[in-house]
Amino acid sequence: MAIRAPKGTKDIFPDQIHKWQYIEKKFAEICDRYGFKEVRTPIFEHTELFQRGVGDTTDIVQKEMYTFKDFGGRSITLRPEGTSPVCRAFLEHNYYADVQPSKYYYSAPCFRYEKPQAGRLRAFNQFGIETFGTDDMISDAEIIALGYDFITEMGIDEILLKINSVGCPECRPKHREALREFLKPHYDELCDTCKQRYETNPMRILDCKSEICQGIVEDAPMMVDYLCDNCKVAFEELEKNLGAFGIEYVVDPRIVRGLDYYTKTAFEFVTTKIGAQGTVCGGGRYDYLMDEIGDRHVPGVGFGMGKERILMLMEANDVKFPEPLKTEIFIAHVGDNAKLYSLNLLRRLRAAGYRAEVDALARNIKGQFKYANRLNAKYTVVIGDDEIESGILTVKDMEKSEQFEVKREDLLDLIKR
RNA sequence: GUGGGUAUCGUCAAGUGGUUAAGACACAGGGUUGUGGCUCCUGUAUACGUGGGUUCGACUCCCACUACCCACCCCA
């Protein structure tokens, strides 16, 4: 039995890779414009980082992590998300002592043990950005603006930005109690998972997909109505800042993030064009994450964006990606002397910066031309005994289908034009 | 973890109880001796997911399993 790639993983070949390289380049560019610098952290971390950072009760930690013991007996986990590792690294290397705020971006694979479906893999790729060291809503708006601009610049439309405030440790408990009070008389009508949520995290019931729960929840107390003064002011500030940036959004009181660390700002960019996994980018503020994983209070805000989902959306939008680069000059050769002469020429052309290619399948001349055509070569030069002797090379312009002669020394100049 | 769908050459795809299991694309060679894209010809493939069963006979019917896709859940 041949070995296959593990469930929920994808191989990417050259016919697709140019798309990935394109969005990666564009993301790096926009981050540069916005002042975010790249960080790279290990692909695995101590399991404890995610238990404390993402939260022990989340689905991610409870049933989706790739966790194993290494040969030294340490519990190691493949990163399921990007924020906690960046926070860990930031604290570990004392960058809070640098000029604040600190703005970082990353582009990294993440791993979650899930049942694969459209837009959801076990090994997937994310872009992310984080701003540390300020709780000013300018940063939240800036993070959202970057996401908005990137998505737009990638040629994606019909995307909706939803924002909400999930409160803070001061106001959240009050809302939670109000919610429980409200739901109590309806407890028996709730779906099974929501009965559990009632105990563990009643806020999640607000975004249950079950129609029955939706109906019950319709007039439920919303977090936005229970925000403490501090959170309330912050949310208003965020709205003003987004307005100043000219960014359209809707306030959706029901969006709740599945990671425990979020406070105040929560947002997502959603679409219905790529199947059920509509969240292309999601994020928010996490003012107490650093307290959880370190011993220092540093506020933060950021987002994660699924590269696969961005790509799916771009394809749904019929975005034209830049064409992959084609061979510039193909060297067709006939005979053993010509082969060696061609190899020598090939190396010089490549050294001079050209995308040059030869046949390595011992094809006859006709086959070599067919091959050159398949490679979409701009020029094909033919090398045989005559050419070696005279130093005059025959070059064919494959697009114009014209042929002309040129001295070997002039070959490089010719192609430059 | 729970549902639904699919499974025939490298790819797409006919075939629904008895066929040498089509065809197309792709790949390779050729159409006068060193020239592509179009066209024509030729060539190559131990292709019916795996294991059982029903039947004189199964790619075709039944069962199980596996893989992939999609949905729930959750999220990027």
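Just so it is clear: chains get the letters A, B, ... in the order the sequence lines come, proteins before strands, and each one is counted from 1.
Taking a pair to require two hydrogen-bonding distances under 3.5 Å in either a Watson-Crick or a G-U wobble arrangement, B:C68 pairs with B:G5. Nucleotide B:G34 is matched to nothing when pairs are restricted to Watson-Crick or G-U wobble geometry with both distances under 3.5 angstrom. Using the Watson-Crick or G-U wobble rule with both distances under 3.5 Å, B:C25 pairs with B:G10.
For the pair A:Glu399 CD and B:U35 P, the computed distance is 21 Å after rounding to whole Å. What separates NZ of A:Lys10 from P of B:A76 is a distance of 19 Å, to the nearest Å. Atom CZ of A:Arg120 is separated from atom P of B:C68 by 14 Å (rounded to the nearest Å). One can place CG of A:Asp386 at 14 Å from C1' of B:U35, the figure rounded to the nearest angstrom. Distance, A:Asp59 CG to B:C72 P: 15 Å, rounded to whole Å.
Side-chain atoms of A:Leu238 and A:Ile144, non-hydrogen and from C-beta on, do get closer than 4.5 Å to each other. Here the side chains of A:Tyr113 and A:Met65 are not in contact, with every heavy-atom distance at 4.5 Å or above.
Among the atoms of the strands shown, base atoms are found under 4.0 Å from some heavy atom of A:Glu114. Using a 4.0 Å heavy-atom cutoff across all strands shown, A:Ile310 reaches no nucleic acid atom at all. Within the nucleic acid shown, A:Gly275 comes within 4.0 Å of sugar-phosphate atoms alone, with no base atom in reach, counting heavy atoms only. Backbone-only contact: A:Val280 has heavy atoms under 4.0 Å from sugar-phosphate atoms and none from a base. Across all strands, A:Gln368 comes closer than 4.0 Å to no nucleic acid atom at all (heavy-atom distances). The residue A:Thr58 sits apart from the nucleic acid: no heavy atom pair falls under 4.0 Å. Residue A:Gln117 is in base contact, counting any heavy-atom pair closer than 4.0 Å across all strands shown. Base contact: A:Lys115 has a heavy atom under 4.0 Å from a base atom.
Between the side chain of A:Glu387 and the base of B:G34, a donor-acceptor pair under 3.5 Å is found. The base of B:G36 has none of its N or O atoms less than 3.5 Å from a complementary donor or acceptor on the side chain of A:Thr380. Applying the 3.5 Å distance criterion, the base of B:A76 shares a donor-acceptor pair with the side chain of A:Arg112.
Between A:Glu177 and A:Lys174 there is no salt bridge, since no side-chain N of the basic residue sits under 4.0 Å from a carboxylate O of the acidic one. Taking 4.0 Å as the cut-off between side-chain N and carboxylate O, A:Arg74 and A:Glu48 do not count as a salt-bridged pair.
Among B:C70, B:C72, B:A76, the nucleotide with an atom closest to any side-chain atom of A:Ala118 is B:C70. Side-chain proximity of A:Arg363 to B:G36, B:A28, B:A76: nearest is B:A28. Out of B:G34, B:U35, B:C68, the shortest distance to the side chain of A:Lys396 is found at B:U35.
Along RNA chain B, the nucleotide nearest to A:Asn364 and the one nearest to A:Cys281 differ in position, and the one closer to the 5' end is contacted by A:Asn364. Judged by closest nucleotide on RNA chain B, A:Lys370 is the one of A:Lys7 and A:Lys370 placed further toward the 5' end.
Residue side chain A:Tyr371 fails the stacking definition with respect to B:G36, as its ring centre and the base's six-membered ring centre are not both under 5.5 angstrom apart and under 30 degrees in plane angle.
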**Request:** Would you please test A:Phe132 and A:Tyr96 for ring pair (Phe, Tyr, Trp, His ring centres under 6.0 Å) and show each step?
**Result:** CA-CA 8 Å; A:Phe132 300 151; A:Tyr96 48 79; over 10 Å; no
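The distance between the ring centers of A:Phe36 and A:Tyr105 does not fall below 6.0 angstrom.
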